[in-house]
Each structure stands twice: as C-alpha cells, then as structure tokens.
Amino acid sequence: MDGDTLYSIGDLARRTGLTVKTIRFYSDRGIVAPTGRSPAGYRLYDIDAVARLDFVRTLRALGLDLPTIRKVVDRELPLPEVAAAHAEALAVQIRTLRLRRAVLTAVARRGPTPEEMDLMHRLAKLSEKERGDLITEFLDDVFAHRQADPAFTAVIRTMTPELPDDSESEQVEAWVELAELSQDPDFRAAVRRMADDLAAERAQGDTGVVRRDFAAVVRDQVGPALSAGVAPASPEADPVVAALTAHYAYVSGHRDDSDLRRRLLTRLETVNDPRREQYFQLLAVINGWPVPHSLTMVFDWSIQALRARIQRARP
C-alpha cells in the first residue's frame with residue numbers, strides 16, 4: 001500500500017482483520033469516513049483509514065463507546081483525558097466485581113439464610129462513601145458521646161476499617177463479614193458494655209494514668225502461666241491472679257477486694273466475646289495489619305482462676 005492508493009472495504013477488511021460489516025458500520029457512523037467512491041459507487045479509503053481502524057479497534061477493546069471514540073479520533077477529546085476517565089470507571093467496576101465475588105464466596109462457604117444473604121448483597125453494593133458512613137454510624141452508636149475523650153479517640157481509630165482501592169479478594173470478603181457483624185444488635189450491645197466498663201474505670205481511677213489495652217495486660221500477665229501449664233485453680237496461679245487484680249485495682253481506683261474481683265470477672269466475661277476477636281481479626285485483614293493471636297485461652301484461664309478464688313472466699 002502507498003499513500004496514493006485507494007482501497008475498498010474488502011481491502012481494509014483483509015488489512016485490519018475487521019469484518020466488512022464492521023467497517024461499513026464505522027463508516028456509516030462517520031468514524032472512518034471514505035475518501036471517495038469508485039465509478040460503480042463503492043466506498044474507497046486511503047492509507048490513513050488503516051491506522052484509524054486499528055486505533056478504533058484498540059479503543060473498542062478497551063471498552064470505550066462509539067460516540068466517545070468518534071470524538072477522540074476527530075480530536076474533539078484529548079485521548080489522555082478519556083483514558084484517565086475510562087481507567088477510573090474500570091476501577092469502580094473492578095471494586096464492584098470484587099464485592100460481588102465476596103458475597104458469592106460467603107454464600108458458598110456459610111450457606112446463609114435469605115435474610116442474611118439479602119444483607120450481604122446490600123453491603124456489597126455500597127459505594128465507598130456509604131461504606132464509610134456505615135462504619136461511622138456503628139462506632140458512633142457504640143461509643144456515643146465519648147468521641148471527644150482521647151482514650152476513646154484512640155480506640156475508635158484502631159477499630160476503623162479502611163478498605164484499599166486496590167484491595168485483594170480476601171480483604172473485600174473480610175469487609176463484608178465485618179460490616180455484617182457491625183449490624184448485629186447483640187454485638188453492638190456487647191461493644192457498648194465494653195465501652196461503658198472503660199468509661200467507668202476512667203471515671204473512678206486516675207485519669208492521668210496512661211492505660212495499656214486491657215486485653216494486652218491480661219495476655220502479658222496470664223500468658224506465661226498458661227504456657228507453663230499452670231492450672232487456673234492451683235496455688236501456683238495465686239501470684240498471677242494477684243498481679244492481675246492489683247493492676248485492675250490500680251487503674252480503676254478501687255481496693256483489691258472481693259467486690260473488685262467480681263467486677264474484674266464481669267469485665268473478663270464481657271471482653272471474652274468471640275465476636276470481639278472476630279472483629280479485630282477481620283479488621284487486621286482489611287487494613288493489612290498482622291492478624292492478632294487468639295486470646296480466648298488466656299481469657300478462659302483468667303475467668304476460671306477468678307471464679308475459683310471468688311467461690312473459695314464465700315462464707
């Protein structure tokens with residue numbers, strides 16, 4: 001082919017790999033206009049039509065619609081601007097597909113009820129803003145009127161999931177499960193009780209004391225005894241329980257007596273909610289944090305140890 005030669009639609013079809021019907025369609029839409037016509041009235045095209053058709057085929061393969069393609073090839077729209085807009089649209093579609101995949105995966109794994117499936121489907125369709133609003137509403141509900149307290153500000157920050165735009169499928173699945181958990185009224189009530197316990201400790205104790213996470217304190221106090229095989233009700237467990245109750249007395253501003261141990265037992269039973277652990281494990285997956293180790297055995301040991309000593313102390 002050279003610059004002076006004119007070609008029929010059949011010639012262009014052989015050159016570009018497109019069908020005659022497709023080229024005729026593009027020509028009718030003004031995307032690839034003919035240069036002239038043969039004596040018999042057939043459309044003829046110059047060498048530029050080959051490059052134009054190749055370009056159009058590439059844009060179509062990328063998903064651009066024909067009106068946009070026409071504006072691009074006619075230089076009415078700058079290609080970089082169109083490409084950027086299309087890339088963003090594809091990113092939204094990808095995120096939507098990942099969410100849908102998460103729902104289907106959860107359905108296949110859990111076999112939910114129709115009501116649960118409907119909830120998961122609605123969660124998967126939420127926009128980024130709607131996802132943020134859902135979690136904000138959950139945290140506002142369970143930490144009502146406490147957002148201004150620095151202690152609770154830190155807690156709320158550590159409980160906030162942030163699903164990345166380029167999230168992996170397991171992160172999306174974890175978000176759907178966490179969002180579903182956040183809508184559970186019983187779980188909300190449990191988190192609210194934990195917040196109430198922390199607020200009560202701060203009100204009664206020394207507010208100037210920098211408090212470590214309660215679960216971390218229990219883990220550090222009890223973990224070595226658990227690893228060593230110390231039985232919760234044994235005399236060997238006495239120093240561990242004493243250290244645990246002494247710390248709780250210090251942060252709560254109460255004497256280490258039978259009343260404090262009963263309060264501590266209630267606190268441990270509240271924190272030892274499997275849904276709390278599930279929430280933080282899902283949160284770690286979503287935010288790309290290390291998944292925390294299970295503390296169930298540590299809490300179980302602590303609860304058994306305290307119960308044994310409370311029962312012994314009863315008259």
Side-chain angles (χ1 to χ4, degrees), residues 142-143 146 149 151-152 154-156 158-159 178 181 184 186-207 209-285 289-315:
V142 298
F143 295 108
R146 298 193 174 108
D149 187 325
F152 285 100
V155 171
I156 292 170
T158 61
M159 290 186 65
L178 182 144
L181 182 60
D184 182 346
D186 290 338
F187 177 65
R188 289 191 174 211
V191 177
R192 202 175 293 115
R193 285 194 297 272
M194 296 178 204
D196 290 342
D197 288 341
L198 178 57
E201 290 170 14
R202 286 182 57 78
Q204 296 167 356
D206 183 355
T207 57
V209 173
V210 178
R211 290 174 170 78
R212 295 180 58 212
D213 176 66
F214 179 73
V217 171
V218 177
R219 177 199 63 207
D220 293 346
Q221 296 281 4
V222 175
L226 185 63
S227 300
V230 175
S234 69
E236 290 79 12
D238 287 345
V240 180
V241 176
L244 193 59
T245 55
H247 176 84
Y248 190 66
Y250 175 64
V251 300
S252 65
H254 289 279
R255 289 188 302 117
D256 184 358
D257 55 17
S258 58
D259 286 340
L260 179 128
R261 294 191 173 204
R262 283 191 289 270
R263 282 196 296 270
L264 177 55
L265 177 60
T266 300
R267 180 91 152 88
L268 287 166
E269 289 171 338
T270 300
V271 174
N272 194 30
D273 186 326
R275 293 169 300 185
R276 171 194 174 277
E277 187 165 284
Q278 179 189 12
Y279 185 96
F280 282 104
Q281 289 179 341
L282 293 169
L283 181 70
V285 173
W289 298 340
V291 177
H293 295 295
S294 173
L295 296 179
T296 299
M297 295 179 65
V298 168
F299 286 129
D300 286 345
W301 190 99
S302 305
I303 290 168
Q304 292 174 38
L306 271 172
R307 280 178 180 165
R309 282 152 184 82
I310 291 172
Q311 289 171 357
R312 289 177 200 162
R314 286 175 180 170

Taking the six-membered ring for Trp, are Phe299 and Phe214 parallel (under 30°), tilted (30 to 60°) or perpendicular (over 60°)?
parallel
What closest approach, in Å, do Trp301 and Ala225 show between heavy atoms, and which atom pair accounts for it?
CZ2-CB, 4.1 Å
Does any part of the side chain of Thr158, heavy atoms only, come nearer than 4.5 Å to the side chain of Leu283, both counted from C-beta?
no
State plainly whether the residues Glu269 and Arg193 are in salt-bridge range, i.e. N to O under 4.0 Å.
no
What pairs meet the salt bridge (Lys or Arg N to Asp or Glu O under 4.0 Å) rule with one or both residues in residues 216-228, with sequence neighbours excluded?
Arg212-Asp220
With sequence neighbours excluded, tell me which residues meet ring pair (Phe, Tyr, Trp, His ring centres under 6.0 Å) with Tyr279.
Phe138, Phe187
Which residue pairs pass the side chain to side chain donor-acceptor pair (under 3.5 Å) test with at least one member in residues 230-242, sequence neighbours excluded?
Ser234-Glu236, Asp238-Arg309
Side chain to side chain contact (heavy atoms under 4.5 Å, CB included) partners for Glu277, two or more places apart:
Gln281, Ser294, Leu295, Thr296
Just to verify, what does Arg262 make a salt bridge (charged side-chain N to carboxylate O under 4.0 Å, His left out) with, not counting sequence neighbours?
Asp259
Do you know which two heavy atoms are closest between Val218 and Ser302, and how far apart they sit?
CG1-OG, 3.4 Å
Just jot down the side chain to side chain contact (heavy atoms under 4.5 Å, CB included) partners of Ala228, sequence neighbours excluded, or say none.
Val230
What's the spacing between Thr245 OG1 and Leu265 CG if we round to 0.5 Å?
12.5 Å
